[in-house]
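All ligand and atom numbering here is 1-based and tracks the order in the structure. Below, all heavy atoms of this structure are taken into account, side chains as well, without hydrogens, waters or symmetry copies. Positions are given from 1 along the sequence.
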Amino acid sequence: MKLIGSYTSPFVRKIRVMLLEKGIPFSLLEDLPWSEDSKAPQYNPLGKVPILIDEQGKTWFDSPVIAEYIEALHTKHMLIPPGKIGAVEVRQLEALADGIVEAGIAIFLEQKRATEMQNPEWLTRQHGKIKRGIDALENILGDNLWLHAETFSLADISVGVILEWLNFRLPDLGWQSDAPKLTAYLERLRERPSFQETRPPEI
Ligand SMILES: N[C@@H](CCC(=O)N[C@@H](CS)C(=O)NCC(=O)O)C(=O)O
């Protein structure tokens, strides 16, 4: 398998962690989707990473789709529950994690613009998504070890990588102050070899 993407993308990291947890060999072809010479548009009309090229040369894009495909191919070390409702519950947690990091990326990009070009209402709206999302995750986690059904799953991978991305790209956000359980949970996740191996170079 070949995975196209950058070392810093949380969506790419989600898939890298998943492949490592399942023990599936892959090579990462580094591609920066914002650079002029990005190959991403050749494989994904949306020009976004991650992109997975499977053993047959078939191309898959959008990280939830790639995750679904990997799970369908390799049922060993299950990361999505086999039951339909349980699977949808995990997918919803994944969607929440992805939505939080999309808001984070919107803030990160907006803050790269000159101050007078930035839209404060837009920034406030994105901060609201992150705050409510983190509060929801803190409540869902409660005193449990993992987010869904006491089993490590794609939900934990998705949430772990986006929390680390927030720490990495928006260090002043301070999400930890209202989320002590999530903070301790992230420390546990960070100990997993799959998280250690995929840490962005700057962390
Ligand atoms: N929903 C997509 C989002 C992927 C995404 O936004 N990737 C970013 C990198 S973190 C990207 O490629 N951005 C380039 C662009 O938006 O043109 C997924 O889950 O794969």
Side-chain angles (χ1 to χ4, degrees), residues 1-22 24 26-54 58-73 79-80 87-113 118-119 122-123 125-127 129-130 133 137 147-148 153-171 173 175 194-195 197-203:
M1 299 243 193
K2 292 191 181 71
L3 185 65
I4 299 177
S6 71
Y7 284 95
T8 51
S9 161
F11 305 105
V12 175
R13 190 173 180 203
K14 182 205 301 182
I15 301 303
R16 290 167 68 207
V17 171
M18 191 176 184
L19 289 165
L20 287 168
E21 290 282 346
K22 281 187 172 283
I24 301 171
F26 70 100
S27 50
L28 182 74
L29 308 181
E30 192 179 9
D31 189 277
L32 305 176
W34 298 107
S35 78
E36 294 243 321
D37 60 352
S38 168
K39 304 267 186 303
Q42 289 176 24
Y43 298 98
N44 173 359
L46 304 174
K48 295 185 180 193
V49 295
I51 296 156
L52 184 81
I53 305 177
D54 71 15
K58 187 167 163 55
T59 297
W60 303 88
F61 55 81
D62 206 71
S63 63
V65 172
I66 297 173
E68 186 91 39
Y69 174 66
I70 293 169
E71 187 73 11
L73 267 191
L79 292 169
I80 301 175
V88 177
E89 285 168 353
V90 164
R91 303 324 293 259
Q92 181 158 266
L93 288 163
E94 180 190 19
L96 178 56
D98 287 1
I100 292 171
V101 88
E102 275 161 16
I105 291 169
I107 293 171
F108 180 69
L109 294 177
E110 189 73 2
Q111 287 178 343
K112 282 189 164 187
R113 288 150 58 94
Q118 293 176 20
N119 181 335
W122 170 254
L123 284 168
R125 192 169 172 81
Q126 305 311 318
H127 277 286
K129 292 176 199 287
I130 297 177
L137 289 172
L147 278 167
H148 188 266
S153 73
L154 176 63
D156 302 298
I157 296 176
S158 306
V159 169
V161 301
I162 69 104
L163 293 177
E164 279 220 300
W165 187 92
L166 292 177
N167 289 347
F168 166 50
R169 289 295 198 205
L170 301 173
L173 204 63
W175 62 268
S194 60
F195 273 74
E197 268 186 57
T198 56
R199 193 151 291 146
E202 292 90 335
I203 291 187

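- Taking A97 as the reference, S158, V159, I162 meet the side chain to side chain contact (heavy atoms under 4.5 Å, CB included) condition, with sequence neighbours excluded.
- In plain terms, the two heavy atoms of S194 and V17 that are nearest each other are OG-CG1, 3.5 Å.
- Shown here is K2, whose NZ atom has no more than 12 heavy atoms of other residues, nucleotides or ligands within 6.0 Å.
- Checked against side chain to side chain donor-acceptor pair (under 3.5 Å), K129 has no partners two or more places apart in sequence or in another chain.
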Distances under 3.5 Å, N/O of ligand 1 against N/O of the protein: list each pair and its distance.
from	atom 1	to	atom 2	distance (Å)
ligand 1	1 (N)	D62	OD1	2.9
ligand 1	7 (N)	V49	O	2.9
ligand 1	12 (O)	V49	N	2.9
ligand 1	19 (O)	S63	N	3.2
ligand 1	19 (O)	S63	OG	2.6
ligand 1	20 (O)	S63	N	2.8

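- A perpendicular orientation is assigned to the rings of W165 and F108, their planes being inclined by more than 60° (bins at 30° and 60°).
- Remark: E110 pairs with R113 by the salt bridge (charged side-chain N to carboxylate O under 4.0 Å, His left out) rule, at least two apart or across chains.
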